[in-house]
Amino acid sequence: MDKAKNSTDNAGKVVLNTLPHSKDLKWPMLWWIGMEKLYRTLPWKKTAWTCAAFPIELMWIYDIFPDHPENMATVAAARKQSQRLIEHAESMGFSRDLCSYCKTNIGAYDTKIKKTLGGISKPDIVVCTNAICDTHWKWFQIMADKMNVPFFMFDIPKWVSGTDEKTLEGNIDYVVDQFYDLMAFVEKHTGKKMNEKRLYKVLNRSMELSDLWREIFEHRKAVPSPYSGAETSAAFFPLVVLPGVQVGINFFKKILADIKSLTAKGEGTMPKGNEKYRIMWEGIPFWYRMRFMYDLAQYGAVIAFEPYTYSFAPVKKKCLTMEETLRDVARLIMDTPYAYNLERRIENFEKWIDEYKLDGVILHENMSCRPSSAGMVDLTEAIMRDKGIPVLILQCDMNDPRAYSEGQIKTRIEGFIEMMEANKNTMS
Amino acid sequence: MKKLAYFDTSHEMPLEIIMAAGFSPYKIMGDVHQSNDPADKYLSSFFCGAARSWLTEALAHAKEWAGIIFAQGCNNTNRHYDIWKVHVETPFLHWFGAPLLDGDAARKYYRVELQRLISHLEKQFDIKITPEKIREAIGKSNEIKKKLKQLSGLRSEKDIPNRDYLTAMIKCLTCPVDEVSAWLDSEITLWNARPAFPSGKKRFLLTGSDITYVEWMDTLDDCGIRIVRDDLSVGERFFATLIPDANDPLESLIEYYTGIPKPATRPTLQKRLDYLYQALQETKVDGIFSQNLKFCEPYAYDSVPVNNALKARGYKVIHLERDFSPAADQQLANRLAAFVEMMEEGNNG
Ligand code: SF4
Ligand code: SF4
């Protein structure tokens with residue numbers, strides 16, 4: 001990403017100021033890589049594959065290293081490996097229309113690509129949920145079978161538009177019952193037992209990590225924006241695999257301090273006086289093309305808010321009993337903003353547009369991710385009607401560069417910028 | 001009897017509750033001959049054509065139905081409920097959270113969802129869905145399933161065009177039960193009187209995405225393929241097992257719906273394979289045809305491990321991707337015909 005950011009293409013152009021401590025992201029990353037090595041060396045330690053919206057904390061509670069195929073797929077994309085891995089999976093018979101994270105992972109595992117390029121090793125167990133998509137469980141099941149590793153999935157009921165509180169409670173009961181199934185599964189296949197003392201310790205740290213990220217987001221409401229989606233897309237890494245451990249907390253504290261000092265001076269991520277348009281980015285970034293987010297600066301545009309990284313930091317309650325804790329975690333799994341139903345999506349997007357003083361919204365209609373792409377037309381219409389700001393739907397893919405057409409996207413972005421400009425003029 | 005429509009990507013909807021509520025269950029299957037333009041306004045082109053067609057049908061016909069129940073289905077369509085809620089005009093829209101799992105927790109949840117559905121129907125239509133009514137509906141459902149099983153068994157013995165089997169399936173999923181039951185009796189007699197299985201045709205097992213229009217079945221016939229077994233939801237999954245008799249009719253439904261052969265939208269792969277192996281053991285086939293509707297993810301995921309497993313057992317398997325269209329795709333037809341031809345050469349040699 002640093003490479004993209006400082007690429008020669010950007011010479012003489014508007015360059016985003018990165019936070020002084022942004023480079024410290026390497027510490028949680030190195031810690032995570034080091035931990036995996038350690039866990040794989042010691043026979044009594046165990047490893048798991050986990051997915052987004054799976055309560056990763058549970059793995060740390062059980063002293064199981066949570067590896068993350070999606071995270072490694074993004075590494076492969078950033079290292080320009082995803083296309084060949086996706087094509088490898090397609091040569092095995094997987095359709096072009098399937099999720100490119102899944103195919104990157106299948107290709108990475110099959111070709112035994114190096115960890116630094118997005119490779120991934122066989123775990124002791126595979127655990128996942130269908131909270132966001134069914135792709136997760138389809139993919140993880142296929143890989144668990146292939147690797148001959150025990151497989152567990154949480155079946156998370158859908159929180160569809162109009163779900164009432166009573167139905168929600170029934171849904172939570174079902175998820176809580178499955179926690180006990182997970183405990184039995186983990187114990188059976190790893191010999192590890194639930195340690196309640198550790199449970200509260202890990203959950204408290206997880207809560208602190210979430211709180212810090214949300215505090216960072218509070219400061220992102222400042223004008224000019226101190227921290228853009230270009231940076232958060234990498235920096236939210238601790239929320240993906242490190243909720244419950246200390247190292248991510250330390251990193252977020254430094255980032256928060258940087259942001260506070262920037263906003264105190266009235267400065268932002270864009271050079272002084274350059275911030276003209278504040279944008280919401282909905283969806284997963286183009287990992288193989290992170291330069292896209294930096295290049296928006298050339299138009300005076302900054303990504304001031306994105307539900308995607310915000311999703312990973314829900315409000316976590318301090319619970320006093322196991323049952324209370326499990327109910328809270330169950331609700332949180334269903335409550336991820338990335339999986340909001342249409343009604344909640346519209347309501348929250350409109351709230352965020354006000355809070356973050358946004359001038360426009362870009363919706364990534366992700367060909368890999370049908371669940372998140374459903375309802376985008378209705379979302380667009382609602383935002384334009386209620387908030388009177390332009391919305392751009394960009395059809396693309398987060399990990400498959402073949403879907404990215406430089407010229408076409410540039411033209412559409414320029415049109416969008418013009419619309420925001422015209423809109424601002426009308427408003428003023 | 002008024003129709004109560006349901007959205008179901010597999011066979012997850014407990015039809016017996018709809019019947020016990022005094023309605024005729026109607027499975028929304030769209031119309032391949034109609035343009036999907038109305039739905040395309042709200043659904044992007046990379047959702048499967050079937051789901052877009054269902055929305056098109058609902059936009060045009062929902063007023064003729066007492067309501068619509070959505071059963072939790074596949075990755076592509078679960079979030080369509082929200083879109084239907086905005087655009088489809090219906091007095092009654094209900095989400096039925098059919099669980100993906102089938103263990104104790106899932107069975108407990110299934111009961112909660114059944115009760116929620118029953119209460120919603122009772123409140124909306126001012127009716128009482130009694131255990132007796134559910135039991136009566138179960139009896140009727142089982143009658144249909146038994147007759148369909150008898151009918152479908154004739155596919156490998158008699159000259160039954162693929163189209164006839166699918167037509168029977170569609171009728172059973174869209175027409176009033178009593179009417180269908182009488183119709184099935186006469187079909188069984190008629191099919192029994194048909195000539196023997198034609199010598200020029202190959203016996204195939206059909207798997208993959210559901211097929212909801214007869215033209216595709218005709219294409220298979222034209223290529224010399226006769227479907228004698230399948231594991232489709234608009235197919236054998238609907239009648240492979242009977243609803244058991246339990247004291248509590250809800251328990252019967254829970255046992256039945258969590259125990260039917262698995263589609264690609266429900267774990268596990270092994271359970272899905274087990275049904276295929278069982279069907280292949282019961283009925284000798286010449287080949288297996290695995291087909292995927294364009295953009296249908298669940299079956300596209302499964303097709304690789306499922307087809308590899310079947311090939312590893314020595315079966316001849318062909319996998320193709322089709323569009324949602326009644327027009328014959330000549331390229332696909334040529335590939336199918338070549339596959340059948342190769343089989344013939346193989347047999348001769
Ligand atoms: S990109 Fe979408 S479909 Fe793919 S794993 Fe993520 S949430 Fe699931
Ligand atoms: S054809 Fe496939 S993608 Fe379409 S509704 Fe059915 S299961 Fe879902």
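Computed from heavy atoms alone, side chains included, the values below leave out hydrogens, waters and symmetry copies. Labels below follow one simple rule: chain letters A, B, ... track the order of the sequence lines, proteins then strands, and each chain is numbered from 1. These numbers were taken from a predicted model, which means no experiment stands behind them.
Interface remark: Tyr42(B) contributes backbone and side-chain atoms alike to the contact with chain A (heavy atom separation under 4.5 Å). Contacts of Arg107(B) with chain A are absent, with no heavy-atom separation under 4.5 Å from either backbone or side chain. Within the 4.5 angstrom heavy-atom criterion, atoms from both the backbone and the side chain of Ile132(A) approach chain B. Looking at Cys102(A), only its side chain comes within 4.5 Å of chain B, counting heavy atoms on both sides. Proximity to chain A (any heavy atom under 4.5 Å) is shown, for Ala98(B), by neither the backbone nor the side chain. Using a 4.5 Å cut-off between heavy atoms, Gln72(B) contacts chain A through its side chain alone, with no backbone atom that close. Within the 4.5 angstrom heavy-atom criterion, no atom of Asp164(A) approaches chain B. Using a 4.5 Å cut-off between heavy atoms, Cys74(B) touches chain A through its backbone atoms (N, CA, C, O) alone. Only the side chain of Ser95(A) has a heavy atom closer than 4.5 Å to any heavy atom of chain B. Contact annotation for Phe179(A): neither backbone nor side-chain heavy atoms come within less than 4.5 Å of a heavy atom of chain B. No part of Leu43(B) comes within reach of chain A, as not one of its non-hydrogen atoms sits under 4.5 angstrom from that chain. With a 4.5 Å cut-off on non-hydrogen atoms, His319(B) does not touch chain A at all. Contact annotation for Asn130(A): only side-chain heavy atoms (C-beta onward) come within less than 4.5 Å of a heavy atom of chain B. Proximity to chain A is limited to the side chain of Pro305(B), based on heavy atoms less than 4.5 angstrom apart. Thr77(B) does not touch chain A: none of its heavy atoms, backbone or side chain, sits under 4.5 Å away. There is no contact between Asp173(A) and chain B, counting heavy-atom distances below 4.5 Å. With a 4.5 Å cut-off on non-hydrogen atoms, Lys138(A) touches chain B through its side chain but not through its backbone. When heavy atoms are compared at a cutoff of 4.5 Å, Met153(A) approaches chain B by way of both its backbone and its side chain.
Of the charged side-chain nitrogens involved, none lies within less than 4.0 Å of a carboxylate oxygen, so that Arg96(A) and Glu87(A) do not count as a salt-bridged pair. A salt bridge between Glu113(B) and Lys108(B) is absent, with no side-chain N of the basic residue lying under 4.0 Å from a carboxylate O of the acidic one.
Ring to ring, Phe70(B) and Trp84(B) are close: their centroids are under 6.0 angstrom apart.
The shortest distance between side-chain heavy atoms of Pro267(B) and Leu100(B) falls below 4.5 Å.
When each of Lys294(B), His80(B), Gln270(B) is scored by its heavy-atom pairs under 4.5 Å with chain A, the top score falls to Lys294(B). Most heavy-atom pairs under 4.5 Å with chain A, from the set Val86(B), Thr268(B), Leu93(B): that is Thr268(B). Ranked by heavy-atom pairs under 4.5 Å with chain A, the list Asn78(B), Asn292(B), Leu269(B), Asn307(B) is led by Leu269(B). Counting heavy-atom pairs closer than 4.5 Å to chain A, the top residue among Ser45(B), Ala106(B), Cys296(B), Gly103(B) is Ala106(B). The residue among Thr163(A), Asp145(A), Thr167(A) with the most heavy atom pairs within less than 4.5 Å of chain B is Thr167(A). Counting heavy-atom pairs closer than 4.5 Å to chain B, the top-ranked of the candidates Phe94(A), Tyr180(A), Trp139(A), Trp137(A) is Trp137(A). Among Pro371(A), Gly170(A), Ala374(A), the residue with the largest count of heavy-atom pairs under 4.5 Å with chain B is Pro371(A). Heavy-atom pairs under 4.5 Å with chain A were tallied for Val112(B), Leu101(B), Asn308(B); the largest tally goes to Leu101(B).
Minimum interatomic distance between Phe151(A) and Cys128(A) (heavy atoms only, all atoms of both residues): CE1-SG, 3.7 Å. For Thr135(A) against Cys99(A), the heavy-atom pair with the smallest separation is CG2-CB, 3.7 Å. Between Trp54(B) and Gly30(B), the closest heavy-atom pair is CD1-N, 3.4 Å. Heavy-atom minimum distance, Cys48(B) versus Leu293(B): CB-CD2, 4.1 Å. Closest of all the heavy-atom pairs between Met334(A) and Leu168(A) is CE-O, 4.5 Å.
Both tests do not hold together for Arg370(A) against Phe46(B): distance to the six-membered ring centre under 6.0 Å, angle to the ring axis within 45°. Annotation: cation-pi pair Arg313(B)/Tyr315(B) absent, no NZ/CZ under 6.0 Å from the ring centroid and within 45° of its normal.
Side-chain atoms of Glu90(A) do not come within 3.5 Å of backbone N or O of Lys103(A) as any donor-acceptor pair. Between the Arg116(B) side chain and the Trp95(B) main chain, a donor and an acceptor come within less than 3.5 Å of each other. Put simply, the side chain of Asp177(A) never gets that close to the backbone of Ala105(B): no donor and acceptor are under 3.5 Å apart.
Tested against Arg52(B), the residues Asp40(B), Asp37(B), Asp323(B) include a single salt bridge (Lys or Arg N to Asp or Glu O under 4.0 Å) partner, Asp40(B).
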